[in-house]
Amino acid sequence: MRKLTMLKAINEALRQEMRRDPKVYVAGEDVGIFGGCFGVTAGLIEEFGPDRVRDTPITESAIVGSSVGAAATGLRPVAELMFIDFIGVAMDQIFNQAAKMRYMFGGKAKVPLVLRMPCGAGGSAAAQHSQCLEAWLMHVPGLKVVAPSMPYDAKGLLISSIRDNNPVIFIEHKFLYGVEGEVPEESYTIPLGKADVKKEGKDVTIIATMAMVHRALEAAADMEKDGISAEVVDPRTLQPLDNETIVNSIKKTHRAVIVHEAVKFAGPGAEIAAMIAEEAFDYLDAPIKRVTAPFTPVPFSPPLEKEFIPSKEKIASAVKALLQE
Amino acid sequence: MRKLTMLKAINEALRQEMRRDPKVYVAGEDVGIFGGCFGVTAGLIEEFGPDRVRDTPITESAIVGSSVGAAATGLRPVAELMFIDFIGVAMDQIFNQAAKMRYMFGGKAKVPLVLRMPCGAGGSAAAQHSQCLEAWLMHVPGLKVVAPSMPYDAKGLLISSIRDNNPVIFIEHKFLYGVEGEVPEESYTIPLGKADVKKEGKDVTIIATMAMVHRALEAAADMEKDGISAEVVDPRTLQPLDNETIVNSIKKTHRAVIVHEAVKFAGPGAEIAAMIAEEAFDYLDAPIKRVTAPFTPVPFSPPLEKEFIPSKEKIASAVKALLQE
Amino acid sequence: MAIEKEKLLWMFRNMVTIRLFEERVAEYFAAGKIYGFVHLYVGEEATATGVCANLRKDDYITSTHRGHGHLISKGGDLKLMMAELFGRKTGYCKGKGGSMHIADVELGILGANGIVGGGFPIATGAGLTAKYNGTDQVAVCFFGDGASNQGTFHEALNLASIWKLPVVFVNENNMYGISMSQKKSMNVPDVAARAAAYNVPGVVVDGNDVLAVYEAAGEAIKRARSGEGPTLLECKTYRYRGHFEGDPTVYRPKEEVEEWKKKDPIPRFENELAKMGILAPDQAQAIKAEISKLIDEAVKFAEESPWPSLEEITEDVYAV
Amino acid sequence: MAIEKEKLLWMFRNMVTIRLFEERVAEYFAAGKIYGFVHLYVGEEATATGVCANLRKDDYITSTHRGHGHLISKGGDLKLMMAELFGRKTGYCKGKGGSMHIADVELGILGANGIVGGGFPIATGAGLTAKYNGTDQVAVCFFGDGASNQGTFHEALNLASIWKLPVVFVNENNMYGISMSQKKSMNVPDVAARAAAYNVPGVVVDGNDVLAVYEAAGEAIKRARSGEGPTLLECKTYRYRGHFEGDPTVYRPKEEVEEWKKKDPIPRFENELAKMGILAPDQAQAIKAEISKLIDEAVKFAEESPWPSLEEITEDVYAV
Ligand SMILES: Cc1ncc(C[n+]2csc(CCOP(=O)(O)OP(=O)(O)O)c2C)c(N)n1
Ligand SMILES: Cc1ncc(C[n+]2csc(CCOP(=O)(O)OP(=O)(O)O)c2C)c(N)n1
Ligand SMILES: [Mg+2]
Ligand SMILES: [Mg+2]
């Protein structure tokens, strides 16, 4: 099958949905002729024009809030925050307006809105341009949170997100943009809320998200040589979370290691661990480990940043420690 | 000893610290003659005048951000957000500026800033005035997060927070403002990061926060009659979290129930559960349960809101279910 | 200015409806039957009325924490409103929202809002929908003097101005944001002065003169409908009651309140209508009595309505 | 205007320092020795220079993502800056911050900032400290044209204006926020027009004329020092390079860039100084050579400095 980078897969999903439904439009800073800070929206303004590919000023509250208003009145905005790190200036519109409108109005509103936002470290962009903040968004009733690791998933999940009638946070790890994978040309959907077992295994379950899925797969491949068979589960959607797939895997392996790039304390893995400790306790043979970034802002200097991001070695050694329990 | 409400205890802490240190000032909406929305700052402007009790416009980004600038240049602001629900409009200044300034600057800045913010449901204030959002703040390296349940703790912890050289989020559950307890008149501190065992017990550890400490103590008292001995641990500070006290309790009871008013998914209890599942797994005899609000915005109507808030009955039945495991 | 008699009477009825509705709300709040935070609009009725008299059913509004007047003026159903305030299942939001979140999307009411400044970008988005769809609908964003200090004010006015969206920003300057005098919260005497930052018209009008509001809002709305972009319209008015029910209003002089009560928009308009020969005193009385009965019915509906059932708590979080 | 010769020469040296420092940064960035996002100030040197020529060591500034020019002008150490860009332990932030977070609190530099608009309220807080302590210090907040559309702009100017804080808001209008032309991002030709919303002076100056900037900023700073409150000073300028290193600048016409290069502030000032008889061409050359050597030394210092050790990663999160 044809291979595409994740960046191109996302671009294709946007293009196909914009062709299908004239109510879908894109908005954000520099999404037009500039093509977005990472190039995700490149070429869209040429095909769809400036009314449907709307360059905005630097005004994240208004980007999100105008999307909420537009969505509640019948359009289907796909807005971009240039970095997830910028949600702090738009958070109210995300969590108090977009997420709660339907409930507060007694079910009488619909807010079909996608907020795309790149996350993650790896390019020395430092503390305000490298964060993983999915945990905050997972904690908000009314939001869905999607976080793909593969080009195929990204395309299918983005199309589902655009068609979903709820506000969906679509998180793109920026160091996955260049990752290639097979992606069908035609439009397709992947249901939100379904995890994917990226590799089967029997000794341990590694639940990993976004860029860490790749590190986990590398660690699993390395460990294979030592006779350790790791299963790698990618939740793909963090809200709703597919508890069933995770629990089923643990029923088989009896051990869980959770890997994410966000800092550990009160991070996304906390919920996954807590869920396992509540729902799969009887199948566990060992403590639940989390492999994450240390509890610090993201440092700038390359060696420090490298140390910040969980490595395949750290994942493997956590697994091995667990197997010794 | 003299009894005070939590509201008066907090007021006294502010007053004593303002007397002690002329660099301490208070800022926020209606904190002056109005005394704050709940009356916490009542009487301060009369004693300290409008320069040290600064009424602001409705401008949370600037309230927080000006406090960051003032703190970095030598003052010790104690700013109030009228409700924690409003952090969405000021979040950037909290998590990208206040919290990270020191680290980003290589340790060369100090941001001694307290942000007080009332949280919690119970008065039919509905979805945008009733939330518990401590989980977000716990996830931010550089912040400390304090969440008292008792007047005595509130006074001592607030004094410590004001003297701390870091940005401290001081969360006040608004339905505790009226709770009375013994509070010494003199100034005293309680170290941040130390949990408190509010009731000793041997069958189960209930880790509860803020208003839920009271529900947990009621549930524990009720269960006593059924011969169940519950230990109630109040972390008091959520960041840093006192793992040791919690783990020690579980070593004794072998069972953990976590209770908070925030919604469960990716909430504060997720971290506590994950920490236990990692550090105290071998002492656990049963799954870790969480008793929390359902995954919804806070509803307005009194019966729904009552259903939303975890009750002593729900806590007791979670404990009993666990003891049957 | 030739306004149809029918419209004039609608304005009178509407102002009376708001006043009587809210006075009843105050009563039931004091009696403990209405819950939560309730911010009353008493004294400011001319503003919402004069503005909404220009709107069509398919136009949009965003409202505030002080929303009852806006909702009534945009056609909100009194029964559904009252039932919501009573927390009942039959209310606008099935009891989930309360005073600060009443909405009727079908009527273009995109919600009261508990976040000061929360409505600015939402109204801007509604205006964008109108422009995107090529209709001549408009969106009206109501907001207070205090709200105009919030960052979203700036962002929304800027966006609406560069995109020339059909949004009318209606400032209700009642001189206070809770205890904060507008004189202290901003360094300009008029909120309308801020229009200069976006190169849009900034207009000041007596917010207690319903016809003046009607006319000024009419201009702004016409501008918006015809594609000329947003306007900032400031209506100077005053709230007679506390910020919320229960506020002892220690922060403003009694004389100020008395002064403003002399400018009460309802008797004032009643007199004008009498002078125009449109409304005799007994007719006015009859209208008030009739509306009072409608409100009785709304209260009865609310009181007799069931509470939401507990299972409903988890419904309506997500759409399918 | 009688400016001391010494000050005039400082301004020239300072502009040259910024230019040469940044040209070297561009080189090392291209060579892969400087990391992350690097936003260069080349072309805008007159603004930071003219403003900071009025400042004392104990005054404060907040800077932006495009911060090198501000830092150098406020006295930032070239070695520590360069070492930081190289990610070394000896850098201003021990390698933890990088270009977007360089700070020197001792020099009153409250940090570059990765969040557009992040500095507005921080500068306001620094101004509050000065006023609270009763000193005559001032705080200068540098920001771009794009940043003036962010909500924090509005909130900070409003707060500074009502509290009459000694803050000077210096807008560097380089006509673009990344690809977004200022003509499209706001509906007013001048950012300074927005001063009307706060009733503070709004002043426009040629940002490529260092003496004009010096004078206008001097006025504003004098006002601030003497307790008369904030000023919004707009300096019209242009960036010669891409938004960040690596930006192909497809969004602006080549002719526009060429046009602005003719207005380069450095040769322009060099000529003026020559005319004034203060700086002969060979002296100018000597200064440039001397500064170039300082930058060589900074690079050498950076290159020879150690990387931070891995244990340092968890240090400096909290103060004791
Ligand atoms: C973001 C935010 N900050 C603060 C509040 C608390 N609050 C509710 S109403 C209000 C005053 C609003 O003043 P104004 O905009 O003038 O409207 P008015 O109440 O006078 O109608 C405040 C401070 C809030 N709800 N939201
Ligand atoms: C809150 C926020 N939004 C967006 C960005 C991305 N960004 C960085 S610089 C920039 C353009 C800034 O334009 P301007 O303020 O004019 O400054 P200039 O780059 O022209 O100096 C943008 C959009 C950011 N860093 N922070
Ligand atoms: Mg007001
Ligand atoms: Mg610019």
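Computed from heavy atoms alone, side chains included, the values below leave out hydrogens, waters and symmetry copies.
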Looking at C/Y60 and A/G69, would you say the former's side chain and the latter's main chain have a donor-acceptor pair under 3.5 Å? no
Is it the backbone or the side chain of A/P167 that comes under 4.5 Å from a heavy atom of chain C, or both, or neither? neither
Who among C/I313, C/I162, C/V320, C/T124 has the most heavy-atom pairs with chain A under 4.5 Å? C/I313
Mind listing the closest non-hydrogen atom pair of A/K23 and C/N133 along with its distance? NZ-OD1, 3.2 Å
Closest non-hydrogen atoms of A/M104 and C/H101, given as atom of the first, atom of the second and distance, are SD-ND1, 3.3 Å
Any idea which of C/G97, C/G108, C/G118, C/A130 has the most non-hydrogen atom pairs under 4.5 angstrom with chain A? C/G118
Contacting moiety of C/L157, where chain A heavy atoms sit under 4.5 Å: neither
Under 3.5 Å donor-acceptor, A/K108 side chain and C/Y92 backbone: yes
If you count heavy-atom pairs under 4.5 Å between each of A/D164, A/V68, A/D51, A/D92 and chain C, which one has the most? A/D92
Examine whether an atom of C/L110 lies under 4.5 Å from a heavy atom of chain A, and if so say whether it belongs to the side chain, the backbone or both; otherwise answer neither. both
Counting only heavy atoms not in A/E244, do more than 12 sit closer than 6.0 Å to its CD atom? no
Between A/G107, A/S66, A/P141, A/P57, who has the most heavy-atom pairs with chain C when the cutoff is under 4.5 Å? A/S66
I need the residue from A/I63, A/N96, A/T59 with the largest number of non-hydrogen atom pairs under 4.5 Å to chain C. A/T59
Tell me, for C/D104 versus chain A, whether the close heavy atoms (under 4.5 Å) come from the side chain, the backbone, both or neither. neither
Interface moiety of A/N166 toward chain C, non-hydrogen atoms closer than 4.5 Å: side chain
State, to 0.1 Å, how close A/A62 and C/A156 come at their nearest heavy-atom pair, and which atoms those are. CB-N, 4.5 Å
Region of A/L143 in contact with chain C, defined by heavy-atom distances below 4.5 Å: backbone
Segment of C/E106 engaging chain A (4.5 angstrom heavy-atom cut-off): neither
Looking at A/V89, A/N165, A/L75, which makes the most heavy-atom pairs under 4.5 Å with chain C? A/L75
Heavy-atom distance under 4.5 Å between the side chains of A/V64 and C/P121, does that happen here? no
Does a side-chain heavy-atom distance below 4.5 Å link A/F105 with C/D316? no
Contact winner vs chain C - A/M101, A/Q93, A/K110, heavy-atom pairs under 4.5 Å: A/Q93
Donor-acceptor pair, distance only, cut-off 3.5 Å: does the side chain of C/Y318 make one with the backbone of A/G142? yes
Evaluate side-chain contact (heavy atoms from CB on, under 4.5 Å) for C/T314 paired with A/Y103, printing each intermediate quantity in order. CA-CA 9 Å; C/T314 50; A/Y103 192 82; over 6 Å; no
Given 3.5 Å as the limit, does a donor-acceptor pair link the side chain of C/K94 with the main chain of A/G106, or not? yes
By a 4.5 Å heavy-atom criterion (distance strictly below it), what part of A/K100 contacts chain C: side chain, backbone, both, or neither? neither
Is a side-chain N or O of A/Q97 found less than 3.5 angstrom from the main chain of C/I122, in a donor-acceptor match? no
Choice from A/P22, A/S61, A/S67 maximising heavy atom contacts with chain C below 4.5 Å: A/S61
C/Y132 and A/R52, any side-chain heavy atoms less than 4.5 Å apart: yes
